[in-house]
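Okay, structure first, notes after.
Counting starts at 1 for both ligands and their atoms, in listed order.
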Amino acid sequence: MSTTDPTHQFKLGDRDVSRLGYGAMQLAGPGVFGPPKDRDAAVAVLRDAVASGVDHIDTSDFYGPHVTNEIIREALHPYPDDLVIVTKIGARRGPDKSWNPAFSREDLTGAVHDNLRNLGLDVLEVVNLRSMLGTHGPAEGSLEEPLTVLADLQRQGLVRHIGLSNVTSRQVADSRRICEIACVQNAYNLAHRDDDALIDELAGHGTAYVPFFPLGGFTPLQSSTLSEVANRLGATPMQVALAWLLRRSPNVLLIPGTSSVAHLRENLAARNLDLPQDAMTALDDLR
Ligand SMILES: NC(=O)c1ccc[n+]([C@@H]2O[C@H](COP(=O)([O-])OP(=O)(O)OC[C@H]3O[C@@H](n4cnc5c(N)ncnc54)[C@H](OP(=O)(O)O)[C@@H]3O)[C@@H](O)[C@H]2O)c1
């Protein structure tokens, strides 16, 4: 895929966005808690992202909490018309940095209003309901109650599109009976491919799949095959990991996270990295 390729965009809600966006979680302090060491550097990363063509930023008031959204507002408000900011609700941070479920009507309504205020918006373009039923990955269980609350907030005009995060195929299907689902955000990367069937299913519906931890998250991807392919192509392993995801399916939208302008630029350059078929095969076989 390159930026001149017609497949460089995909629909997110009713907006066409570049398939390579940016995830803002790394802009908070250590443990995704508190302020970053260097706030000016965080602001610079966001401004550089938008100047480099990023039109999709993933965030949440969980990050900090509130810190990341406040930095996004400081860096980018008033927002460019083509920028889609996606946030997520369903958790609350404890003072010990823990991540706790926050699924009551009061919690979810408060979270939408917090995001509106902290981002400086009148309406949130996409809100993902983040399931907290499983701590280490999706777990079955009903999302009907919280999703009904979010659909009510959508009817009130506070939310344009609804997505899901950390969910199973069955939960996506059940959710479609309550509201339209614009996107699904689950953990997926070269080394973690539990969602292969779900990605294809969503592609069939024209629904965006947004892998979190595309570079391995807290455990960055490492593999000799990845390094060999990268060396051969004159690219970095992270660029190859992103290019592989872009080739995986046209409905995959990427939100790699970084706190560094150098890494941001390196990651965005993966837009122009074409993986030859033998490299794809070697990477596909990596499990
Ligand atoms: N829905 C959910 O439950 C959920 C969960 C987690 C994350 N997310 C979202 O998904 C986004 C992406 O996930 P993530 O940020 O956790 O993980 P990631 O994108 O897989 O990896 C980020 C890590 O990779 C490093 N990195 C980035 N680019 C690099 C490069 N070119 N070379 C070397 N290291 C590089 C970053 O460090 P540096 O800062 O040093 O670059 C950071 O430690 C998040 O920002 C967040 O928006 C959602």
Side-chain angles (χ1 to χ4, degrees), residues 12 20-33 36-38 41-42 44-46 48-49 52 54 56-65 67-69 71-72 84-93 99-102 111 115 119 126-139 163-167 171 183-192 195 208-222 226-227 230 235-245 252-271 273:
L12 183 51
L20 196 28
Y22 172 71
M25 189 176 90
Q26 305 296 335
L27 298 183
V32 199
F33 206 82
K37 269 189 233 114
D38 185 344
V45 169
L46 287 160
D48 205 274
S52 307
V54 165
H56 167 203
I57 295 180
D58 185 79
T59 185
S60 174
D61 256 331
F62 315 157
Y63 306 153
V67 170
T68 298
N69 280 350
I71 296 175
I72 290 174
V84 176
I85 299 178
V86 178
T87 190
K88 65 189 84 64
I89 62 174
R92 185 192 310 109
R93 303 299 298 278
W99 303 75
N100 307 297
N115 276 280
L119 287 167
V126 183
V127 176
N128 288 323
L129 179 69
R130 208 289 186 184
S131 170
M132 299 294 285
L133 292 170
T135 33
H136 298 298
L164 298 171
S165 178
N166 198 37
V167 290
Q171 285 166 331
C183 51
V184 172
Q185 186 176 117
N186 280 2
Y188 183 87
N189 58 43
L190 255 178
H192 179 99
D195 270 355
Y209 179 86
V210 187
F212 70 79
F213 296 159
L215 301 174
F218 297 108
T219 317
L221 292 170
Q222 268 187 319
L226 185 57
S227 299
T236 67
M238 294 311 186
Q239 288 173 328
V240 172
L242 294 173
W244 178 83
L245 283 166
V252 168
L253 292 178
L254 300 185
I255 49 163
T258 179
S259 55
S260 128
V261 168
H263 284 170
L264 171 80
R265 291 182 182 172
E266 177 185 326
N267 296 344
L268 292 178
R271 285 185 289 218
L273 180 62

Residues in ring pair (Phe, Tyr, Trp, His ring centres under 6.0 Å) with F212, at least two apart?
none
Restricting to non-hydrogen atoms, name the atom on A241 and the atom on L226 that form the minimum distance, rounded to 0.1 Å.
N-CD1, 4.0 Å
Give a yes or no on whether a salt bridge exists between D61 and R93, defined as a side-chain N under 4.0 angstrom from a carboxylate O.
no
Can you tell me how far CG of N189 sits from CG of L254, rounded to the nearest 0.5 angstrom?
11.0 Å
Is there a donor-acceptor pair under 3.5 Å between the side chain of Y22 and the backbone N or O of L268?
no
Could you pull out every protein residue that has a heavy atom closer than 4.0 Å to ligand 1, ordered by chain and then number?
G23, A24, M25, Q26, D58, Y63, K88, R130, S165, Q185, F212, F213, P214, L215, G216, G217, M238, I255, P256, G257, T258, S259, H263, E266, N267
Donor-acceptor contact below 3.5 Å, side chain S60 vs main chain K88
yes
